[in-house]
Amino acid sequence: MFIIDMFREKAEQQLRDIGVDARIEESKEGFGDFTLPCFQLAKLMKKSPTLIAKELQDKLKSSEYFEKIEAVGPYLNFYISQSKLAEMTLSAVLNGSLFSFEKKEKIILEHTSANPTGPIHVGRARNPIIGDTMARILRAYGHDVEVHYFVNDAGKQVATLLWGIRNLPVAQQYDKCDHVFVRNYQEASKLAQEDKKVDNDIRELMKAYESGDPELTEFAKEKIKCMLSGIMESLEKLNIHIDSFVWESSLISFAKELANKLEEYVEEEDGAYYINLRKIGANLQKDKFFLYRKDGTTLYFLRDIAYHVKKSESARYLIDVMGEDHKLHFSALKEVLNLITEELKLRALFYSFVSLPEGKMSTRAGTVVYLDDLIDEGYKKALSIIRERGYEEQDMKKIAKAVSVSAIRFSMLNVQEEKPIIFRWDKALSFEGESAPFIMYTYARASSILRKAGWNGSYKPSFLQHISEYRLIKLISKYPNIINKAADSLSPYVIAKYTYELAMQFNQFYRDCPVLNAEPELKNARLALVTAFKSTMQNLMHILGFNIIEKM
RNA sequence: GGGCGCGUGGCCUAGCCAGGACAUGGCGGCAGCCUCCUAAGCUGCAAGUCGCGGGUUCGAAUCCCGCCGCGCCCGCCA
């Protein structure tokens, strides 16, 4: 059981011992640690809540776990024993048990899966950042996570890309494929809209490709790999790593087999085939989900079903990270999978879009900020700030890189996933206040103290009496609860908020409690706390995908 | 038109699922703090009809109903 829950349980036990069976809540700042509002009891006992609180206070004694139990108006407040909490928390951190969770399930988490038709832009970047962080959270919580990227090399978009590369001049301004071929893709899709013949050519190309034309397959493979490596290069800069790429084209024959198995639910319209979800009892805003075009080529819905069935063969728990535009698709997918697979846990982490102040991001309209450019700008900005502080050249580069990468990740993680984000340069690259550099700076302060102190490892927790010490300890003790919450609710932002809060609390401690100049016993106790903070922070920064640096 | 989500000081944001004590923090603004462990930090001040209107409740930012605004979706695209 997590430390803080143990204290809660002890408080509830003390209440049960005097015949009160109630759930206590966490207090607001300044009212102890736990509280029992007595309004409900007042109704039952037909007495005023204030009187009840007072009576309960008189019956309860302070204990090993609670140093004070006090009635304030209609509330009964419990104050945790500071030395007990300090003792338990510090030892849990220092022996590592605070950070270790029991082994859990095998999970396949899919994120990004961006079409390999152009560079990742800021609008899309929320997906890999959320997805990668979610994977790190689940791992920290004890799950065995495999991260997937579903490569769309089978749809119309890709046929358009291939047509564009074959039939239009290839620019040479960039060295990365994604920045080069995106122009061909843009131009090709524009032409396809204007010219029926181009559209037809692209459809023919798609048909030939799907039927397995060897020369075309080879060409496509090569180009898509190059696009993908450009995308991955961008993602790796942000410490985002994919374990496994699954190519859609490899699933086409399997997808067709599956479609046959679903025969009884499939209907035909003008030569195209769809699955009728009403027939399987689903109640969505749409019943017809098409599996095949009338030319016999497969559609994304069918291929995605096939992909999920494949995944379910190696993991019983699947998580998809995707934009809110996929909600209907996902609901339908889930309905179909219920027919085919048993005991599959399939969950989605949806996020809202990132737009620009002037509106939606659109590659074609040119209203787009590429991730590569954001990373470059961040690096430049960080470097210019550091230059004024006089570091060695190689340290400066390392710090600038760490700061920019972490700041970009944090700015995408620090908002609830379902809230839309309007991208602003100054906010995405904010280095002050609620930001990654603030967190990193705080960590560096702790590192600096420990570097100078040379602690021998002994400490007596009872020396930690200051309110700022206590608040820091209490926050550290909640680490497992926070990981638990983020993992179960699939909410990376919970970790971002907690990490920020922890850093903030350390800064209070830093201001109020000098470490190096303290009396020996107190100094040792504080060094234990600083060490505990640093370890906790290290875990959190790793989960957030920051570059961890000791000095800045 | 229907479905899903969002609406909290000038701007951004937490709390909402599991209703309770003065609504969390940041940015920006104003006023301060480096003979003392890193000032990317810290302190103080100004600034809020928690979109609007009803309801439930001893008590509503939180739950319910209705409305308004914004986003996304309702493709033989992915």
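Values below: all heavy atoms of this structure, side chains included; hydrogens, waters and symmetry mates excluded. Throughout, a chain's letter reflects where its sequence line sits, starting with A, and its residues are numbered from 1. Source: prediction; values computed, not measured.
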TODO: Quote, to the nearest angstrom, the C1' distance that separates A31(B) from A46(B).
DONE: 11 Å
Open item on the list: Need one value for N77(A): base, sugar-phosphate or nothing, where a base atom within 4.0 Å counts as base even if backbone is also close, heavy atoms only.
Closed with: base
Open item on the list: Under 4.0 Å, heavy atoms only, any strand: does E25(A) hit a base, just the sugar-phosphate, or nothing?
Closed with: nothing
Task: Sugar-phosphate or base contact per nucleotide [nucleotides 3-13 of chain B; S, B, -; heavy atom under 4.0 Å] - done: BSSSSB---SS
TODO: Kindly give the heavy-atom pair with the smallest separation between L502(A) and L475(A), and that separation in Å.
DONE: CA-CD2, 3.6 Å
- [ ] May I have the distance from R389(A) (atom CZ) to C34(B) (atom P), rounded to whole angstrom?
- [x] 18 Å
Open item on the list: For a quick check of understanding: with a heavy-atom distance under 4.0 Å over all strands, which category does I386(A) fall into, base, sugar-phosphate or nothing?
Closed with: base
TODO: Scan R303(A) against the nucleic acid and name what it touches under 4.0 Å (heavy atoms): base, sugar-phosphate only, or nothing.
DONE: sugar-phosphate
- [ ] Please determine if a side-chain N or O atom of R445(A) lies less than 4.0 Å away from the OP1 or OP2 oxygen of A39(B).
- [x] yes
Task: Rounded distance (Å) that lies between atom C1' of C37(B) and atom CD of E519(A) - done: 16 Å
- [ ] Look at all strands and tell whether F438(A) reaches a base, only sugar-phosphate, or nothing, counting heavy atoms closer than 4.0 Å.
- [x] sugar-phosphate
Open item on the list: Taking side-chain hydrogen bond (donor to acceptor under 3.5 Å, both in side chains) as the definition, give me every residue that meets it alongside Q416(A), ordered by chain and number, with sequence neighbours left out.
Closed with: none
TODO: Mind checking G155(A) for me? I need base, sugar-phosphate or nothing, with any heavy atom below 4.0 Å counting as a touch.
DONE: sugar-phosphate
Open item on the list: A side-chain contact here means heavy atoms from C-beta on lying under 4.5 Å apart; do L349(A) and P492(A) qualify?
Closed with: yes
Task: Syn or anti for C34(B) (syn when the glycosidic angle lies within 90° of 0) - done: syn
Open item on the list: We want to know whether E110(A) and S113(A) form a side-chain donor-acceptor pair, criterion being a heavy-atom distance below 3.5 angstrom.
Closed with: yes
Open item on the list: If we ignore hydrogens and angles and just use 3.5 Å, is the side chain of S48(A) paired with the main-chain N or O of L51(A) as donor and acceptor?
Closed with: yes
Open item on the list: Only Watson-Crick and G-U wobble pairs with both distances less than 3.5 Å should count. Give RNA chain B in dot-bracket notation, marking inter-strand partners with |.
Closed with: (((((((..(((.......[....))).(((((.......))))).....(((((..]....))))))))))))....
Task: Partner set under side-chain hydrogen bond (donor to acceptor under 3.5 Å, both in side chains) for E521(A), not counting sequence neighbours - done: K460(A)
Open item on the list: Starting the side chain at C-beta, find the nucleotide from C76(B), G41(B), A78(B) nearest to F290(A).
Closed with: C76(B)
TODO: To the nearest Å, give me how far apart CZ (R471(A)) and C1' (G25(B)) are.
DONE: 15 Å
- [ ] Assign the ring pair F353(A) / Y351(A) to parallel, tilted or perpendicular, where the plane angle (0 to 90°) is split at 30° and 60°.
- [x] perpendicular
TODO: Mind checking E388(A) for me? I need base, sugar-phosphate or nothing, with any heavy atom below 4.0 Å counting as a touch.
DONE: nothing
Task: Closest nucleotide among A40(B), A23(B), C77(B) to the P437(A) side chain - done: A40(B)
Open item on the list: Can you list everything that forms a side-chain hydrogen bond (donor to acceptor under 3.5 Å, both in side chains) with Y443(A)? Sequence neighbours excluded, please.
Closed with: Q538(A), E550(A)
- [ ] Check whether any side-chain N or O of Y493(A) sits under 4.0 Å from OP1 or OP2 of G15(B), and answer yes or no.
- [x] yes
Task: Non-neighbouring partners of R409(A) that pass salt bridge (charged side-chain N to carboxylate O under 4.0 Å, His left out), sequence neighbours left out - done: D132(A)
TODO: State which residues pass salt bridge (charged side-chain N to carboxylate O under 4.0 Å, His left out) with D199(A); sequence neighbours excluded, sorted by chain then number.
DONE: K156(A), R203(A)
Open item on the list: By the 4.0 Å heavy-atom rule, please label S430(A) as base, sugar-phosphate, or nothing.
Closed with: nothing
- [ ] With sequence neighbours left out, write down each residue that passes side-chain hydrogen bond (donor to acceptor under 3.5 Å, both in side chains) with N115(A), or none if nothing qualifies.
- [x] N152(A)
- [ ] Can you tell me, in whole Å, how much space there is between the C1' of G25(B) and that of G69(B)?
- [x] 26 Å
TODO: Grab the CG-P distance between L333(A) and C77(B) for me, whole Å please.
DONE: 18 Å
Task: K452(A) side chain near C37(B) phosphate (N/O to OP1/OP2, under 4.0 Å) - done: no
- [ ] Starting at atom NZ of K28(A), determine the distance to atom C1' of G59(B), rounded to an integer number of angstrom.
- [x] 13 Å
Open item on the list: Regarding A40(B), can its base be found pairing with the side chain of T442(A) as donor and acceptor, where the two atoms are less than 3.5 Å apart?
Closed with: no
Task: First of L328(A) and V403(A) reached from the 5' end of RNA chain B, by closest nucleotide - done: V403(A)
Open item on the list: Under a 3.5 Å threshold, yes or no: a donor from one side chain and an acceptor from the other, between T298(A) and E210(A)?
Closed with: yes
TODO: Specify the residue among P37(A) and F353(A) whose closest nucleotide of RNA chain B lies further upstream toward the 5′ end.
DONE: P37(A)
Task: Separation of atom CD1 in I449(A) from atom C1' in C37(B), rounded to whole Å - done: 5 Å
- [ ] Would you indicate what K360(A) reaches in the nucleic acid, counting non-hydrogen atoms under 4.0 angstrom: base, sugar-phosphate, or nothing?
- [x] sugar-phosphate
Open item on the list: With hydrogens left out and only the distance checked, is there a donor-acceptor pair under 3.5 Å joining R23(A)'s side chain and the base of A18(B)?
Closed with: no
What pairs of donor and acceptor atoms, side-chain ones from residues 421-432 of chain A against any protein atom, are under 3.5 angstrom apart with sequence neighbours left out?
unit_1	atom_1	unit_2	atom_2	d
S430(A)	OG	E432(A)	O	3.2

- [ ] Check each residue of residues 501-516 of chain A for a non-hydrogen atom within less than 4.0 Å of any atom in RNA chain B, then write out the ones that pass by number, or none.
- [x] M504(A), N507(A), Q508(A), Y510(A), R511(A), C513(A), P514(A), V515(A), L516(A)
Task: Closest to side chain of K286(A), choosing from C58(B), G25(B), G75(B) - done: G75(B)
- [ ] Mind running a 4.0 Å heavy-atom check of residues 267-281 of chain A against RNA chain B and sending the residues that fall below it, in number order?
- [x] E269(A), D270(A), A272(A)
Open item on the list: For F350(A) and F330(A), take the angle between the two ring planes, folded into 0 to 90°, and tell me which bin it lands in: parallel under 30, tilted 30 to 60, perpendicular over 60.
Closed with: perpendicular
Open item on the list: Using whole Å, what does the distance between atom C1' of nucleotide G26(B) and atom CG of D426(A) come to?
Closed with: 13 Å
TODO: Assess the side chains of N507(A) and R445(A): does a donor N or O sit below 3.5 Å from an acceptor N or O?
DONE: yes
Open item on the list: With a 3.5 Å distance limit and no angle check, can you tell me whether E469(A) reaches the backbone of H466(A) through a side-chain donor-acceptor pair?
Closed with: yes
Task: Pairs meeting criterion side-chain hydrogen bond (donor to acceptor under 3.5 Å, both in side chains) with involvement of residues 321-333 of chain A, two or more places apart - done: D304(A)-H329(A)
